[in-house]
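A short write-up of the structure that comes next.
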There are 2 protein chains.
Amino acid sequence: MTQDRPERADAARNRRAILLATEELLARYRPEQISMEQVAAAAGVGKGTVFHRFGSRMGLMHALMAERALALTEAVSVGPPPLGPGAPAAERLLAFLDAIVDVIARNKGLLAALGHADTTTAKSDEDPRTAHPVYGFWHGHIADLLTAERPDLDAELQAHILLAGLQSRSILLLLEQGEAERLAAALRSLARALLHAPTEDTTG
Amino acid sequence: MTQDRPERADAARNRRAILLATEELLARYRPEQISMEQVAAAAGVGKGTVFHRFGSRMGLMHALMAERALALTEAVSVGPPPLGPGAPAAERLLAFLDAIVDVIARNKGLLAALGHADTTTAKSDEDPRTAHPVYGFWHGHIADLLTAERPDLDAELQAHILLAGLQSRSILLLLEQGEAERLAAALRSLARALLHAPTEDTTG
DNA sequence: TGGACAACTGGACCAGCGGTCCAGTACGTT
DNA sequence: AACGTACTGGACCGCTGGTCCAGTTGTCCA
């Protein structure tokens, strides 16, 4: 993206202004209350510019999400344990969940905004994995770690469930009230329960 | 609602027609693709009628949800075990989760529609418990059962997490592919893990 | 049976949305 | 300095959820 033929200086400036404005609006208001026009106005650019840069509401939210998640992605791939490679899967999983809650807590509306965004455009049968690289990465990582420790579980599905909480309205509400640590604790607790559960048959 | 001064015959007929039409549309299309105008047309009434009866999109979805959940509510309150009172909390919980998945699977878009509905109108700081009686009831029931077996857990929050999965886009997708039993199994598995997990401190 | 009143009805209407379009602007290159 | 092109912005479009109210229809009472 920022390579080969770099974007023009004004384009880069506007792109950053738009992302920043979106971030600020997202911190202050509910994602659904934020219109693309507002974003444009807040960023001091025209609506056309926003769409030219990001294609759609979903594109914008996704770009923001990707940026916010970048540090985490790197920490997981090449960083030090327990987040990065090297620690046992169980520890990495717990650390990763904590890290995700942290990202979400600092960008409350983001996941919900992403959800709402493609709710609006609704490409019917798309695999969410493909549609949302960030979600896909998070989900895949959790599923992998879970599988490593508990190959008997339906890790794919459990990973979805673990992540689903972060998109839930009720839980977002808690986050807004500063209960991030409580959520992290509950998620850790749940994950630990899953890791230590007696072996069982998924067909039952 | 259907008491004291009953609604006029035509009103009742239209109300049922609207709910039925909504249900059918919800079975066929994504909730976000269904406009109130479509609902009205499908029900063979004017748009004004729909809004007069249900107040808003959320009102409509909520009414449908309440109707759909009625049988479950009764089964839980006064029905026979394991769903109704009498069975051990752990058993009731697993049975209840199964039952919920069943309701959701047979009305795929409904929970999502509800979520999307108040996403649109967005009464900022409302307690979801108050705002969505059905969700509130489900959440409360799960939290109660969970507390009965595991008073050391943050049951309120765990209940939210358990329910969150049913609103998640990725999981709705599974449901559409007929994987309801797989979801039920995963949820049971998760709940069992929670119930059997070693006692732990929520502050850790 | 009929008359009167309220409840219900439906479609024109409104503001605001996400997204498109394209004439004009300003950057980077030579 | 001058040129081509990528970027810009705001008018514009189709459509949405929701409002409004003149006209209709069911119900109740005499």
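So you know, we letter chains A, B, ... as the sequences are listed, proteins then strands, and number each from 1.
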How long is the line joining [atom1] of [X] and [atom2] of [N], in whole Å?
| X | N | atom1 | atom2 | answer |
| --- | --- | --- | --- | --- |
| Phe54(B) | dG17(D) | CZ | C1' | 16 Å |
| Leu60(A) | dG19(C) | CG | P | 10 Å |
| Phe51(B) | dA12(C) | CZ | P | 16 Å |
| Glu32(A) | dC17(C) | CD | P | 13 Å |

- Set of salt bridge (Lys or Arg N to Asp or Glu O under 4.0 Å) partners for Arg13(B), sequence neighbours left out: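 Scan of Arg13(B) (salt bridge (Lys or Arg N to Asp or Glu O under 4.0 Å), adjacent residues dropped) gives none.
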
- Run the numbers on Tyr135(B) and His62(B) for side-chain hydrogen bond (donor to acceptor under 3.5 Å, both in side chains), then give the verdict. CA-CA 10 Å; Tyr135(B) 183 92; His62(B) 188 260; over 6 Å; no

- Message: Minimum heavy-atom separation for Arg57(A) and Phe51(A), please, with both atom names.
- Response: N-CE2, 4.4 Å

- Task: Pull out every residue in residues 34-41 of chain B that has a heavy atom closer than 4.0 Å to any atom of DNA chain C, ordered by number, or say none.
- Result: none

- Task: Apply the salt bridge (Lys or Arg N to Asp or Glu O under 4.0 Å) test between Glu176(A) and each candidate in Arg30(A), Arg169(A), Arg28(A); give the one that qualifies.
- Result: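 Answer after filtering Arg30(A), Arg169(A), Arg28(A): Arg30(A).
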
Measure the spacing between [atom1] of [X] and [atom2] of [Y] and express it to the nearest 0.5 Å.
| X | Y | atom1 | atom2 | value |
| --- | --- | --- | --- | --- |
| Leu172(A) | Leu166(A) | CG | CG | 8.5 Å |
| Leu97(A) | Leu162(A) | CG | CG | 5.5 Å |
| Met36(B) | Phe54(B) | CE | CZ | 8.5 Å |

- For the pair His160(B) and His139(B), name the ring-plane relationship: parallel under 30°, tilted 30 to 60°, perpendicular over 60°.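 Parallel: the ring planes of His160(B) and His139(B) meet at under 30°.
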
Using nucleotides 7-11 of chain D, report all nitrogen or oxygen pairs with the protein that are shorter than 3.5 Å.
from: dC7(D); atom 1: OP1; to: Arg53(A); atom 2: NH2; distance (Å): 3.2
from: dT8(D); atom 1: OP1; to: Asp10(A); atom 2: O; distance (Å): 3.2
from: dT8(D); atom 1: OP1; to: Ala11(A); atom 2: N; distance (Å): 3.4
from: dT8(D); atom 1: OP1; to: Asn14(A); atom 2: ND2; distance (Å): 2.5
from: dG9(D); atom 1: OP2; to: Gly46(A); atom 2: N; distance (Å): 3.2
from: dG9(D); atom 1: OP2; to: Thr49(A); atom 2: OG1; distance (Å): 3.0
from: dG9(D); atom 1: N7; to: Thr49(A); atom 2: N; distance (Å): 3.3
from: dG10(D); atom 1: O6; to: Gly48(A); atom 2: N; distance (Å): 3.3

